[in-house]
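Inspection log for the structure reproduced underneath, given as structure tokens.
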Amino acid sequence: YYFGESLTDELAKVGPAPPIGLIHTAWGGSMIEQWLDNETIATCGNASISSANGEWHETRVMPYVDMTIKGWVWYQGENDMHGFFGNSALKTGYSCMMPALVSSWRKLWSADAGTTDPMAPFGLVTLAPSGGEGGNDIGTMRWAQT
């Protein structure tokens, strides 16, 4: 809600604010693998391939790919605080899966020319200092998110 309200306020500064539609697909307690398909996960080392992956990808992402959207806001990661943060240069762990998710979603939504911009903004909300679900390395997780 607050993101939509702020976006409306900012757009109103340059002219009449257009209608803002927000799609809320969040699910508390999720792992990043649940938001990706196994094909995308397989591009990252130290990532778990299982039939439980992709649960939210299929039910909370795929139903919307035919819509034209202007961008995403992503807040997730607390339950990944106990996993392998990895290294984006080495294509391992969360550090690989987060950019893979961004690329995958941009590709899905921009598959039809003239719809979603293939470089549509993807905003990452980093975890708060208290958001580690008992994990003790919030700094490394924030680094992995970027």
Side-chain angles (χ1 to χ4, degrees), residues 1-11 17-88 90-146:
Y1 169 82
Y2 294 113
F3 175 76
E5 182 180 50
S6 177
L7 184 58
T8 300
D9 292 346
E10 289 300 313
L11 291 171
I20 303 293
L22 299 175
I23 302 168
H24 178 254
T25 64
W27 192 266
S30 65
M31 306 282 283
I32 195 167
E33 290 90 347
Q34 291 174 281
W35 297 94
L36 290 163
D37 58 45
N38 276 330
E39 181 180 336
T40 304
I41 295 168
T43 66
C44 299
N46 286 27
S48 173
I49 304 292
S50 84
S51 60
N53 293 344
E55 178 180 6
W56 302 140
H57 183 266
E58 292 303 317
T59 61
R60 296 178 173 273
V61 174
M62 294 305 293
Y64 301 103
V65 297
D66 290 332
M67 301 173 84
T68 297
I69 63 171
K70 298 296 183 183
W72 299 266
V73 178
W74 176 259
Y75 177 80
Q76 183 276 334
E78 286 96 340
N79 283 342
D80 286 298
M81 280 294 300
H82 304 285
F84 180 68
F85 299 133
N87 180 304
S88 59
L90 298 176
K91 294 185 159 276
T92 58
Y94 194 97
S95 294
C96 176
M97 287 186 279
M98 188 67 248
L101 181 139
V102 173
S103 295
S104 170
W105 287 13
R106 283 178 172 160
K107 184 177 176 182
L108 282 169
W109 263 273
S110 65
D112 294 326
T115 59
T116 300
D117 183 336
M119 291 307 293
F122 202 104
L124 280 167
V125 180
T126 58
L127 297 181
S130 62
E133 294 288 322
N136 61 2
D137 196 358
I138 193 75
T140 302
M141 178 53 151
R142 285 182 179 160
W143 187 261
Q145 288 182 304
T146 59

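Shown here is Trp72, whose CH2 atom has more than 12 heavy atoms of other residues, nucleotides or ligands within 6.0 Å.
Taking SG from Cys96 and CG from Asn87, the interatomic distance works out to 9.5 Å, rounded to the nearest 0.5 Å. Within the model, atoms OG of Ser88 and CH2 of Trp143 stand 8.5 Å from one another, a figure rounded to the nearest 0.5 Å.
What you find for Ala144 and Met98 is that their closest heavy atoms are O-CB, 4.1 Å.
The side chain to side chain donor-acceptor pair (under 3.5 Å) check on Gln76 picks up Asp80, Tyr94, with sequence neighbours excluded. Scanning for side-chain contact (heavy atoms from CB on, under 4.5 Å) contacts around Ile20 gives Leu7, Thr8, Leu11, Leu22, with sequence neighbours left out. Listed by chain and number, the residues in a side chain to side chain donor-acceptor pair (under 3.5 Å) with Tyr1 are Glu5 (sequence neighbours excluded). Under the rule for a side chain to side chain donor-acceptor pair (under 3.5 Å), Ser104 has no partner lying at least two apart in sequence or in another chain.
Judged purely by atom type and a 3.5 angstrom limit, Ser103 has no side-chain atom pairing as donor or acceptor with the backbone of Ala100. Of the possible donor and acceptor atoms, one in the side chain of Ser95 sits under 3.5 Å from a partner among the backbone N and O of Phe85.
Using cut-offs of 30° and 60° for the angle between ring planes, the Phe122 and Trp105 rings count as tilted.
Within the structure, the side-chain hydrogen bond (donor to acceptor under 3.5 Å, both in side chains) test picks out no pair touching residues 56-65 (sequence neighbours left out). Here side-chain hydrogen bond (donor to acceptor under 3.5 Å, both in side chains) pairs that include residues 35-47, with residues two or more places apart or in two chains, are Ser30-Trp35, Asp37-Thr40, Asn38-Asn53.
At a threshold of 4.5 Å between non-hydrogen side-chain atoms, the residues Ile69 and Trp109 count as touching. Counting heavy atoms from C-beta on, the side chains of Lys91 and Cys44 never come closer than 4.5 Å. In this structure, the side chains of Arg106 and Thr116 stay at 4.5 Å or more apart for every pair of heavy atoms. With contacts defined as side-chain heavy-atom distances shorter than 4.5 Å, the pair Thr115/Met67 does not qualify.
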